[in-house]
Amino acid sequence: MTELTIAKALNAGLRRAMEHDSRVVLMGEDIGRLGGVFRITDGLQKDFGEHRVIDSPLAESAIVGAAVGLAMRGYRPVVEIQFDGFVYPAFDQIVSQVAKTLRRSEGAVRMPVVIRIPYGGGIGAVEHHSESPEAYFVHTAGLRVLTPSDPGAAYRTIQQAIACDDPVVYLEPKRRYWDKGEVDLAADVRSGDPWCSRLLREGTDVTVACYGPMVRTCLEAASAADVSVEVIDLQSLSPLDLDPVAASVERTGHLVVVHEASKTGGLGAEVAARITERCFYSLEAPVLRVTGYDVPYPASRLEEHFLPDLDRVLDAVDRSLAW
Amino acid sequence: MTELTIAKALNAGLRRAMEHDSRVVLMGEDIGRLGGVFRITDGLQKDFGEHRVIDSPLAESAIVGAAVGLAMRGYRPVVEIQFDGFVYPAFDQIVSQVAKTLRRSEGAVRMPVVIRIPYGGGIGAVEHHSESPEAYFVHTAGLRVLTPSDPGAAYRTIQQAIACDDPVVYLEPKRRYWDKGEVDLAADVRSGDPWCSRLLREGTDVTVACYGPMVRTCLEAASAADVSVEVIDLQSLSPLDLDPVAASVERTGHLVVVHEASKTGGLGAEVAARITERCFYSLEAPVLRVTGYDVPYPASRLEEHFLPDLDRVLDAVDRSLAW
Amino acid sequence: MVDALLGSAVQLLTPEGERVEHPDFDITLTDAELRSLYRDMVLVRRLDAEATALQRQGEIGLWASSLGQEAAQVGSAHSLRSSDYAFPTYRDHGVSWCRGVQPMEILAMFRGITNGGWDPIARRCSLYTIVIGNQVLHAAGYAMGVQLDGADEAVIVYFGDGATDEGDVNEAFVLGADYQLPLVYFCENNQWAISSPRDRFNRAPLYQRAAGFGFPGVRVDGNDILAVMAVTRMALDRARSGGGPTLVEAFTYRMGAHTTSDDPTRYRHAEDLEIWRLRDPIERLKVYLARNGMADRSYFDQVDHEAADLAVLVRDGVRAMAAPAPETMFDHVYVDPTAELVAQRAGLIAYEESFAEGLTA
Amino acid sequence: MVDALLGSAVQLLTPEGERVEHPDFDITLTDAELRSLYRDMVLVRRLDAEATALQRQGEIGLWASSLGQEAAQVGSAHSLRSSDYAFPTYRDHGVSWCRGVQPMEILAMFRGITNGGWDPIARRCSLYTIVIGNQVLHAAGYAMGVQLDGADEAVIVYFGDGATDEGDVNEAFVLGADYQLPLVYFCENNQWAISSPRDRFNRAPLYQRAAGFGFPGVRVDGNDILAVMAVTRMALDRARSGGGPTLVEAFTYRMGAHTTSDDPTRYRHAEDLEIWRLRDPIERLKVYLARNGMADRSYFDQVDHEAADLAVLVRDGVRAMAAPAPETMFDHVYVDPTAELVAQRAGLIAYEESFAEGLTA
Ligand SMILES: Cc1ncc(C[n+]2csc(CCOP(=O)(O)OP(=O)(O)O)c2C)c(N)n1
Ligand SMILES: Cc1ncc(C[n+]2csc(CCOP(=O)(O)OP(=O)(O)O)c2C)c(N)n1
Ligand SMILES: [Mg+2]
Ligand SMILES: [Mg+2]
């Protein structure tokens, strides 16, 4: 086991995937010589060459559209969108082409495309650099959506996303890039299954479901709570794996869902709707949501008030128990 | 009162808005000489001139981006996206600019932009012509989203959308364009408030919430049902007006939400989550959703199986009552 | 007027069917090759006519006619090697035909039983792309792959005059120029984007767009199949030999409605068609073939018979084309279905069966 | 090398500060006007330096430096009438400065207390746009409005060399050409888009992009403020008089990092800067002013003093700039808040107050 940051774990995972399969090519703005603005691809162009780590033009639709074409040719493109707020120019290619090509071609043309996006707030950035767009992708049939929450998961799931024959929107919790954790670099993880929730902390009173950047927040909240909180990292946002959540809620009777994205139409609504349907007679309180507010992501000096924090999670835990 | 189709009611509403306010300009592909592929703008270029009914280039981002600039200049642009599936190239301008400019400018720059989109399936069209993208817009803070369900509502709400100083995504249920209904052309409706649900049919056993093209389906289901079904047309998808739904559910104890869009991450989830939180002790069954499946919109000869119909609504009503 | 617009367009066959010289472009074809060009154009036109009729009869939902654009499509597609790859639009029946896509495969989408219709990898011809401009980026990405493979292949991508307004097409020009891709951008300038006339705004000639991005552009008389082939071949050869991309603007005319849903009388004059009828691509080649003794009456008759047979095949085939089972909509959403989709699929089947039971009960 | 790249760029002042003639462009300015150009460039550079320092001290979160691009920005913005409208990027502090935007208004966004900073309508200068290329379409739409109004106004929009890759910018070229908009596309080609060098791919000169869309493009020495003004003025005059759009490519260099988050040593050589230091836009004008007796030592000293005062004002001003109350994030999401937002706002306030109570209890 090696101690790595999420950033370095992703770098190691990308390297491993490229070593394993020569059809894996990387493409994105500034990912080559610079190694990406977050250095996730650091050193990869030097080691794999300009033909496999491709500095793209400043054009997101082109990046994703070219990935579609590369996949049609049998490549496994892994593209980087520099920041969450810059994925929207590529939205058309993602929704109309990446997500639908397998279906349209009746299985003839696979889209093993990974779209890496650093997402979420908390780093004091300017506008458009702190968005949480996951709900858009989760609502889009044909896409898979993954988000790791610690270095070990990052190392595993980035390789599994690349090995997957379906398109994967891979959301990297940028404020956690520098969080450290143990990674088993020796393990061959490609064949593992990332499409599952992870029970990260057992508890008996309330279940908290979260993902990506909010996982650490929720684990901290659980440690600080004076009740027993079970914490589940959803990890796979599409498809959702709610079996562990339902099983947990059947025991606790209480569920709180936490995400940074705005509340209305966010993933919390889907989790709430499904769990309520599955666990109608177990729930002792409605599923509560702790989320960003329904406002454009605010200027950075206000973001701490926008982002769910430990106290807001605990507050919801209390409200659920007091229902 | 005059009997009109939704298409003609929209045309009359647009005409009225243009007569009333010379800052209202229309822009879109083929909307001028041709009058739009659905003829919604028929005759308007002839009567108001090429400078107010502008045939645009074939470029959706340009259409919406130009609308932003026109609004900055004090105009009230009403743009047409030819079909639902072609709004995605404009998604970036909608999410990053249309939705955020008022907030970014701290109120200095208003965005009275209306983005008209014929949406939904059921007309036997080829791919990309039957999408229901409303969840994307509802999740985007800063946008308002409206969808009319009958000619009277169309005539009223299109004018109210244009009179609104916020940006409005105006979703027109294309399969209902030719549905007829009574319209009061004499009434001055501009100052009315479209941001509300409409109780369309009273009932006591189950509440059905729906919108746009599904309203007629649900009304027909209610007529056919052997229980008493209350039907509420949400009409304003953002902001949602759930007071009438909550009031209804407190009486019926049962709620079914119906939409064409895919289930996961669809609007039904939000309605379910909110109503469950508000009416936790009144609900005798979980909120059930009748929706399109989580697949890309299918080829047209399969669409009748994808789209919720009268029987699927009744089936959900039964399941809710039998819970 | 057309001639003025055609401007510097490459021409090897006049509208009257006379062979002319061009300083930069030439082509030599055998009589058999010339005949097969004629044959393909006639058959594609017949396919188009039948499809239009089938739409009127309600057998297919929509049809986008290729009428008048046969030389541009058949000529360019004939220039491809079988190892090359083509990305057509929804109107390029002449292209898919030449790639070996079967008539029923082409019609399946318009009948509404699939959003695809053929195996794009086997045919080396992508499915029709409906979102304007999207496929131009796919072609650029595919060409990047060809380049990475070091393969002796070229890629051709089709799009309309209207499509050049879209961001995607221009971003694809950037990709082509940046990476010097083995790619031919083939723009069928048929003068109309639905109701929007190309010359409405006195726009710059489309082929000139290329120079601003850093690669050559050339305008060809799109109703002259010899010129189309000469220009496209040269562009494909350039592509394969590492010379980078070329924009070919085939100057032609959409003789029909935009699609069967369209009513062009609302925005263009019937007279405008007359001038283009005189420039018909099939008649032009026919006159040339006949005048030069490359084909005779019996050959033309034989082709007409083939066309009549095709018409029967198409009519019968389309009517026989049944919709797949409803639950097939759950196939191929993902390579392996998710648990949620397995459940939704089962729900649909059970639901449909409940009616069947109801009926038998 | 730079000179080779500059190619046909319009120049009126050599890097050595010598006035030269150009066959097509000229400009006559009073000594006072020339001095004010110098003054604005010096002040903008000082603002830039202070902001960079404040970022290092953690007082602002990020800064995008305009270092080296002062002539392009100040020269073009000085060419505007007050009734014209400007659409700058995040780097165009020289532009916003000349439009009368106050230093604290510029810095507010970088300090993270707003995503805006000033009233764009009052300043006739839009807010900085961060999504690359978006504002070019806004400018086109705004120019459509100017045209509809029949107003004697022009619009200028700024964007970088990298931005020309984006679909939006090219779609904006289509709009400009189609409607012959009163618009000047002002591209600051500073040779870099973060780590991506402009000449990486031997791309076509940027100003040539215009011709392919049907309007003129011109390259100007972006470090020569006289040439920038001469070219921009002519383009603005053309725009106002119905002549349609122009693309101006100001050939310059990004002397600093992309932003304070960037580390350019990873992708470019320090030596490359040397050649551009010799082409410094401020020094060039200073030499010209001094050599021709248009300004003397005392004037230069006075400007330096003004710059020092500005620095103090900026430092103190930024440190004093407090974050607004948390609940202001709910303001101006809609013109009138929705019921849901009223409730969420109340929830936030109550929640924050619960801590205050906790503290006092
Ligand atoms: C992104 C997008 N916007 C709008 C449409 C609707 N539409 C279909 S064809 C067409 C015109 C296309 O014109 P052109 O590119 O010249 O091709 P042509 O139909 O003439 O072959 C339009 C606007 C679409 N399919 N995709
Ligand atoms: C749509 C979008 N993609 C990516 C980015 C991230 N980004 C910010 S600046 C920049 C480079 C811009 O280069 P250029 O247009 O030359 O302007 P310059 O910064 O050199 O002034 C990039 C890629 C962005 N802001 N917007
Ligand atoms: Mg066309
Ligand atoms: Mg630059």
Considering only heavy atoms, which portion of [X] lies under 4.5 Å from any heavy atom of chain B: side chain, backbone, both, or neither?
X        : value
C/Pro324 : both
C/Ala108 : neither
C/Ala163 : backbone
C/Asp168 : neither
C/Leu348 : both
C/Phe330 : both
C/Glu327 : neither

At their closest point, which heavy atom of [X] faces which heavy atom of [Y], and how far apart are they?
X        : Y        : answer
C/Gly112 : B/Ala299 : O-CB, 3.2 Å
C/Tyr351 : B/Arg312 : OH-N, 2.8 Å
B/Ser300 : C/Arg111 : OG-O, 4.4 Å

Working to the nearest 0.5 angstrom, can you tell me the gap between [X] [atom1] and [Y] [atom2]?
X        : Y        : atom1 : atom2 : value
C/Asp161 : B/Leu58  : CG    : CG    : 9.0 Å
C/Thr328 : B/Leu302 : OG1   : CG    : 5.0 Å
B/Ser61  : C/Asp165 : OG    : CG    : 12.5 Å
C/Leu127 : B/Glu127 : CG    : CD    : 9.0 Å
C/Ser196 : B/Ile31  : OG    : CD1   : 11.5 Å
B/Asp311 : C/Ser354 : CG    : OG    : 8.0 Å

So what's closer than 4.5 Å to chain C heavy atoms on B/Phe306: side chain, backbone, both or neither?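 Backbone plus side chain of B/Phe306, per the 4.5 Å heavy-atom cut-off to chain C.
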
Examine whether an atom of B/Phe86 lies under 4.5 Å from a heavy atom of chain C, and if so say whether it belongs to the side chain, the backbone or both; otherwise answer neither.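 Side chain only.
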
Could you walk me through whether B/His129 and C/Ile130 satisfy the side-chain contact (heavy atoms from CB on, under 4.5 Å) test, starting with their C-alpha distance in whole Å, then the side-chain angles of each, then the deciding distance to 0.1 Å, before giving a yes or no? CA-CA 10 Å; B/His129 291 70; C/Ile130 289 176; 3.7 Å; yes

Residue, of C/Ile113, C/Leu62, C/Asn134, that accumulates the most heavy atom pairs under 4.5 Å with chain B: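 Highest number of pairs under 4.5 Å: C/Ile113.
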
Are there more than 12 heavy atoms of other residues, nucleotides or ligands under 6.0 Å from atom CZ of B/Arg33?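 For B/Arg33, atom CZ is not crowded (no more than 12 foreign heavy atoms under 6.0 Å).
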
Does CZ in C/Arg319 sit with more than 12 non-hydrogen atoms of other residues, nucleotides or ligands closer than 6.0 Å?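 Above 12, so yes.
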
Chain B neighbours within residues 337-345 of chain C, where any heavy atom lies under 4.5 Å away: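 C/Glu340, C/Leu341, C/Gln344, listed by number.
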
May I ask you to list the residues in residues 90-97 of chain C that approach chain B closer than 4.5 angstrom, counting heavy atoms only, ordered by number?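 Result: none.
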
Less than 4.0 angstrom from a charged side-chain N to a carboxylate O is my criterion; do B/Asp42 and C/Arg266 meet it?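 Salt bridge: yes.
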
Which residue pairs pass the salt bridge (Lys or Arg N to Asp or Glu O under 4.0 Å) test when at least one of the two sits in residues 293-305 of chain B, sequence neighbours left out?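 Listed once each, the pairs would be none.
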
Determine which residues belonging to residues 256-270 of chain B lie within contact range of chain C, meaning some heavy atom pair is under 4.5 Å apart, and list them by number or answer 'none'.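 B/Lys263, listed by number.
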
